[in-house]
Chemist: 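Pasting in a structure now, in structure tokens, and then I'll have a few things to ask.
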Amino acid sequence: MLDLRNLTKRFGKGDSAVTALHEVSFSITEGEFFTLLGPSGCGKTTLLRLIAGFEPPTSGALVLDGRDIAHTPPNRRPVNTVFQNYALFPHLTVAENVGFALGAQGRPKVEIAETVTRMLDLVQLSHLAQRKSGELSGGQQQRVALARALAPKPRILLLDEPLSALDMKLRKEMQVELKRLQQETGLTFIFVTHDQEEALTMSDRIAVMGGGRIQQIASPRELYDQPANRFVAGFIGETNFLAATCAAGRLILPQAATTLPVAHADGPVTLMVRPEHVVLAGAQPDALTLTAQVDRLVYFGTDTHVHLHLADGCTLVARVQNGLRGGLPCRQGETIPVSLPGDALHLLPQEAG
Amino acid sequence: MADRAFDTRRLPGAATLAIACFAILYLPMVILVANSFNEGRVIGQWEGLSLHWYGKALQNEAFVAAAKTSLILATLAAMIATITATMAALATTRTRGFKGEGAIHITLNQPIMVPEIVLAIALLIIIAQIKQATGYSGLGYLVIAHSAFCIPFAYMPIRARLEGMDLTLETAAADLYASRFYAFRKVTLPLLAPAILAGFMLAFVISLDDVVISDFLKSPGQDTLPTYLLGELKRNLTSEIYAISSLLLLISVLIVGGSWLLTRKKT
């Protein structure tokens, strides 16, 4: 439905030019909840502004329903945005805000009134229709911004970190609410966030961005379990990285007493293992077995993080779920056996630096 | 606020100085207004409260004519200045930076800095020529001159408001299918309206108050309120002048107060 083809955006000219987006290409399918995730400065907001039409791309095409809209002005694109600061019109009432787009399109008054009523019902704000937007709480403004962007029935709804200004509790509520709205309307959402948890819980697919490039596009599960590179692995969730080698079909971790069979080309690799998969016991079948010393135990309520170091100084974090009966898995200073189960290991190409 | 290390209010003599300044500023005005209500015609000799001089002023045809000229002139000049200033403010804030933008900004504000007498003489030289060539001696010259020096006063509040306005509002309007014109009419202009009105009022008061340029450029027999007062003062000082001055003061205070109410930040 929406195809991005080699989109590049450079700001500035000559030597001082900064490339915010490098040859970004991907497709979004109808009805998808698609998230652009990345640290600040990764280009996600620039990409959203390109799709909205607030900035023209330096090169590349943006094809919506078979038509290249890369240079179409924002008011002629069937795409609406929920802004980070909401950008509600302060001189207009809630109802007038929601009806703004339809008014600009010159729709009949009756139709505008009907749509506004329906939209305010959808976001449960009918009782505030005549209020000025400045008189609303953050959460209410957020809903008005949503209703306003949904009212003209866009082909795609763009959301620019819409939840970042809300407090934790409201944020969780709005996450559920947004997902419900998306499923009810069947609309395509492109959601920008730097919050990995938000991305993982809401999205159908996530594009992880870093340095103006798409690092990986995948489902939340796949991103977490099979990150394409170290950047993605490090950005999504917590993880351990260890330097290892593949040789003659075996995975060799220098610190481990055992090796595992591996289907990987020979050479150095980065071994990734999630803290929750590290087992604090030896002699497991099909696992790399090591010895480690316990540096610190950090209690997190549902689980405890065990910070370890190996004989050569490499550090490793294990996450152990706290049982009903207290009792820690180990004590600080203790030397314990540790296993890394073969099916929990993920190999990444070794990168410079 | 209470813990400020340096508080000007605690400096020795600060209170005395402040009171002295206010007294010099406002005491003469108070005396003038008080005298306008004096039944008698001699200052300092109170003969009872009366609106006698106000009545007399309103029956004075020359005064009424001058007042009418002044109000028409101020309204026209303020309107032209405000429209021009609004366009200039939009051009200097809502476009990509262009060459000479800084020069335009300085040029716009120059009339505040240039000695008025210089401007008056310069205008006189040109306008005298035009008068001779065309034979037209109406209010048009004053309207154009007043519009010109009122522009910076209207420009300042409008530009300040435009600079403080959240640009994402205009972006949002464009995102919601508004054409440039629709976005301007429905978003920018309503948000700018208080500043435009404030700019208009400032320009109005500045025009209403002008003596030097009006006196240089007016055609024979033409009088604005200030030039009429100046002429009267040269002849004789009557309490009627106090009444007229008080009326002028009242208009200015009302307008400046109104402009302040419109532009102050909402709490």
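Order of the sequence lines fixes the chain letters, A, B, ..., with proteins taken first and strands second; residue numbering starts at 1 for each chain.
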Chemist: Take atom CZ in Arg76(A); do more than 12 heavy atoms of anything else shown fall under 6.0 Å from it?
Modeler: no
Chemist: Does some side-chain heavy atom of Leu169(B) sit less than 4.5 Å from a side-chain heavy atom of Pro90(A)?
Modeler: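 Touching, per the 4.5 Å side-chain cut-off.
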Chemist: What part of Pro73(A) gets closer than 4.5 Å to chain B, counting heavy atoms only: side chain, backbone, both or neither?
Modeler: neither
Chemist: side-chain contact (heavy atoms from CB on, under 4.5 Å) for Thr168(B) and Phe54(A)? Distances and angles first, verdict last.
Modeler: CA-CA 10 Å; Thr168(B) 49; Phe54(A) 305 147; over 6 Å; no
Chemist: Below 4.5 Å, heavy-atom pairs only: which of Gly53(A), Ala52(A), Gly103(A) has the largest tally toward chain B?
Modeler: Gly103(A)
Chemist: Could you report the tightest heavy-atom contact between Asn75(A) and Ser179(B), atom names first, then the distance?
Modeler: ND2-CA, 3.4 Å
Chemist: Heavy-atom cut-off 4.5 Å, strictly under: side chain, backbone, both or neither for Asp175(B) against chain A?
Modeler: both
Chemist: Let me confirm one number: the OH-CG distance from Tyr86(A) to Asp166(B), rounded to the nearest 0.5 Å.
Modeler: 13.5 Å
Chemist: Evaluate the side-chain proximity of Tyr177(B) to Leu102(A): yes if any heavy-atom separation is below 4.5 Å, no if none is.
Modeler: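 When only atoms from C-beta onward are counted, Tyr177(B) and Leu102(A) do not touch, as no gap falls below 4.5 Å.
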Chemist: For atom NZ of Lys186(B), decide whether the heavy atoms of other residues, nucleotides or ligands shown that lie under 6.0 angstrom number more than 12.
Modeler: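 No, the 6.0 Å shell around NZ holds no more than 12 heavy atoms from other groups.
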Chemist: Counting only heavy atoms not in Arg10(A), do more than 12 fall under 6.0 Å of its CZ?
Modeler: no
Chemist: Which answer fits Arg77(A), side chain, backbone, both or neither, if we ask what part of it has an atom under 4.5 Å from a heavy atom of chain B?
Modeler: backbone
Chemist: So, for His91(A) and Leu191(B), which heavy atoms are closest and what is the spacing to 0.1 Å?
Modeler: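 Taking every non-hydrogen atom into account, ND1-CD2, 3.5 Å.
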Chemist: Under 4.5 Å from any heavy atom of chain B, what part of Leu88(A) do you find: side chain, backbone, both or neither?
Modeler: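 Contact with chain B: backbone only.
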